[in-house]
> 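Take a look at the following structure, please.
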Amino acid sequence: MQTLDWIVLIGTLLTIVIYGTIQTRGSKNVEDYLKGGNQSKWWTIGLSVMATQASAITFLSTPGQAFNDGMGFVQFYFGLPIAMIVICMVFIPLYHRLKVYTAYEFLENRFDRKTRSLTAILFLIQRGLAAGITIFAPAIILSAVLGWNLLLLNIIIGVLVIIYTVSGGTKAVNVTQKHQMVVIFTGMVIAFILILNQLPDDITFKKAVEIAGASGKMEVLDFSFDLNNRYTVWTGLIGGTFLMLSYFGTDQSQVQRYLSGKSVKEMQLGLMFNGLLKIPMQFFILFVGVMVFVFYQFNQAPVNFNPTATEIVLNSEYAEEYKAIQEEQKKLFENKQTAISRFLSTKNDENKTHIAAFNEANDVLRNKAKVLIEKAGDAQNIKVESNDKDYVFIHFILNNLPKGLIGLLLAVILSAAMSSTASELNALASTTTIDLYKHKVGDKTELQMLKASRWFTLLWGIIAIGVACIANLAENLIQLVNIIGSIFYGNVLGIFLLAFFFKYVKANAVFTAALITQVIVITLFLLNRFEIINLPFLWLNFVGCVIVIAIALLLQSKNEYFNKINYKNI
């Protein structure tokens, strides 16, 4: 980090915060604060929806995911366009007609107060945890790579978001997210161009793709039904559709983005814009990660990209073993250069197989290094992240980009963290104010409700910072957020589908079914976590949705049966 990088980084972040605060200060009522006065155009909605989902985790973890496992992760998003069509046809017209502030208001009209409160509480739990993770993700990685204090980073990111979100509410979130997305797209495109420019002169874009393909990184589609494969076409189309329906249709952090639209048409166009652009965007981010992989086919990569992990193991009793792995990797890298040269000149399958074999051998060495890192951490009683997927892209940025652009890419990462966290705090405050607080305190003036909304935004900001400060390490942070969502989303989506399509199902049956389903889903997750069963987390969305609908229908049928018997006896 040079002086120019600090100027670019601090200048970008402060500009966004100050602009968002100035442009949106002075909300006069709750509608202005929570729904932005219903003035948002479709492009603002579309960019805001994308920015909410595209957290810092997206730009840190996704390239690392592609570096390790290739392009297959894009299948996770295959259900998105289907979900957008369903939400535009069913959810948006209904929400608009009822003039709701939150998605959960509808459930009280359809069922009762306790069902609305339960669903709102499920949202607050999972989104409150996710808000902390979206702060923690960039903080833990920047702390490890740059040596910045982790606790201080958590607080700085959280406070910056709180300033303009408390001040301007939904409108502030929408206004700032447009500019944040410009910063994000600009930074990622520049990073991609620079990666290609730093490849050897004789390696064209076509050759780079061929090298990635020879290493198995360009395998986008997997049509297998193997549950051991976490990302396939079927998990994307089925599990992904249910996850996206839940996220965009029932998660207040997204619902609030399009409820601010001027009309049903603006809301629908905004979501369809997101549906059309999101998969290409994720494909591009993954492809950046693949090109980083190609870059390290010609440049020596570290055995582990987490510098803190490397430092810990080199200062332990396992240092010599780790150094031996480093030397072995260096020899492997030199031999691989010969195989790549032969492949580019002959394009035969034998040399392609050799490249794949060298990369597999390199993966074996990296796994051995992870074991040593974990042993070193245990010996020193230090919690250390041995899995370095989240560190790949930031390592490339800091070690290979020119002055100024390092600051820009760090601004991209922190802007993404701020944009998604702001949406989450805004939604958490809305749900708390409208679905829980308003019911408890009864009728209040507009000014009193506005003040309450601001105080709840501040409260959830403090809670998110607190979660970030105690958050733990995970295999891959982008997966962690999706796992948290999958535990709750299927159940919540099932409740909404019962409300939409099963008019004869009553409140008590749905409420009981939701409680039972949540226990079942958490149990299934734990059984999979401890490898007792094999159920990838994406399927929890589908399973939870089906179970809550099935149990509710069964309970309703049972209630009607006993009611008929009692009626006959009377």
> Looking just at side-chain N and O atoms, do Ser486 and Asn541 make a donor-acceptor pair shorter than 3.5 Å?
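There is such a pair between these side chains.
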> Minimum heavy-atom separation for Leu276 and Pro280, please, with both atom names.
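Taking every non-hydrogen atom into account, O-CD, 3.2 Å.
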> Are Ile190 and Thr186 close enough that some pair of their side-chain heavy atoms sits under 4.5 Å apart?
yes
> Tell me whether Asn149 contacts the main-chain N or O of Leu152 through its side chain, where contact means a donor paired with an acceptor under 3.5 Å.
yes
> Are Gln380 and Asn315 close enough that a side-chain donor and a side-chain acceptor fall under 3.5 Å?
no
> Quick one: pull up CG in Asp378 and OG in Ser316 and give me the separation to the nearest 0.5 Å.
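The OG atom of Ser316 is 11.0 Å from CG of Asp378, to the nearest 0.5 Å.
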> For the residue pair Thr102 and Gln252, what are the closest heavy atoms and their distance?
CA-OE1, 3.2 Å
> Under the ring-ring contact (aromatic ring centres under 6.0 Å, His included) criterion, do Phe456 and Tyr437 qualify, and how do the steps go?
CA-CA 10 Å; Phe456 282 125; Tyr437 175 76; 5.4 Å; yes
> Are the side chains of Phe305 and Arg366 in contact, using a 4.5 Å heavy-atom criterion?
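Heavy-atom side-chain distance check passes, below 4.5 Å.
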> Hey, which of Asn426, Thr432, Thr431 is the one that makes side chain to side chain donor-acceptor pair (under 3.5 Å) with Trp460?
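That would be Thr432.
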> Going by heavy atoms in the side chains, are Phe488 and Arg127 under 4.5 Å from each other?
no
> If you look at every heavy atom in Leu259 and Met267, which pair is closest and at what distance?
O-CE, 4.1 Å
> Could you tell me whether the side chain of Gln198 and the main chain of Ile195 form a donor-acceptor pair under 3.5 Å?
no
> I would like to know whether Phe248 and Tyr258 meet ring-ring contact (aromatic ring centres under 6.0 Å, His included); could you show each step before the answer?
CA-CA 9 Å; Phe248 290 97; Tyr258 54 79; 8.3 Å; no
> For Leu493 and Ser246, which heavy atoms make the closest approach, and how far apart are they?
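Minimum heavy-atom contact is CB-OG, 3.0 Å.
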> Could you check whether Asp69 pairs with Lys389 (Lys NZ or Arg NE/NH1/NH2 to Asp/Glu carboxylate O, under 4.0 Å)?
yes
> State, yes or no, whether a side-chain contact exists between Phe393 and Val288 at a heavy-atom distance under 4.5 Å.
yes
> Is there a side-chain contact between Thr310 and Pro302, using heavy atoms and a 4.5 Å cut-off?
no
> Do the side chains of Leu314 and Lys323 get nearer than 4.5 Å, heavy atoms only?
yes
> Roughly how far apart are Leu129 CG and Ile484 CD1, rounded to 0.5 Å?
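One gets 5.5 Å once the value is rounded to the nearest 0.5 Å.
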> Nearest heavy-atom pair of Tyr322 and Ala369: which atoms, and what distance?
CE1-CB, 3.6 Å
> With rounding to the nearest 0.5 Å, note down the distance linking CG in Leu124 to CG in Leu436.
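The distance works out to 6.0 Å.
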> Could you check Ile394 against Leu398 for side-chain contact (heavy atoms from CB on, under 4.5 Å), going step by step and ending with a plain yes or no?
CA-CA 6 Å; Ile394 192 71; Leu398 293 174; 4.1 Å; yes
> Distance from Ile279 atom CD1 to Tyr77 atom OH, nearest 0.5 Å?
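With rounding to 0.5 Å, CD1 (Ile279) is 10.0 Å from OH (Tyr77).
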> Begin from the C-alpha positions of Gln329 and Gln326 and carry the test side-chain contact (heavy atoms from CB on, under 4.5 Å) through to its verdict.
CA-CA 5 Å; Gln329 188 201 43; Gln326 289 177 318; 5.7 Å; no
> For Phe123 and Tyr104, I'd like to know if the aromatic rings sit close, meaning centre-to-centre distance below 6.0 Å.
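Ring-ring flag for Phe123/Tyr104: true, centres closer than 6.0 Å.
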> Sequence neighbours excluded, which residues qualify as ring pair (Phe, Tyr, Trp, His ring centres under 6.0 Å) partners of Phe192?
Phe284, Phe287
> Report yes if some heavy atom in the side chain of Asn304 is under 4.5 Å from a heavy atom in the side chain of Lys370; otherwise report no.
yes
> Applying the ring pair (Phe, Tyr, Trp, His ring centres under 6.0 Å) test to Phe67, which of Phe295, Phe396, Phe73, Phe293 qualifies?
Phe293
> With the side chain counted from C-beta on, respond yes when Ile434 and Arg116 share a heavy-atom pair under 4.5 Å apart, and no when they do not.
yes
> How close do Leu425 and Ala464 get, counting heavy atoms only, and between which atoms?
CD2-CB, 4.2 Å
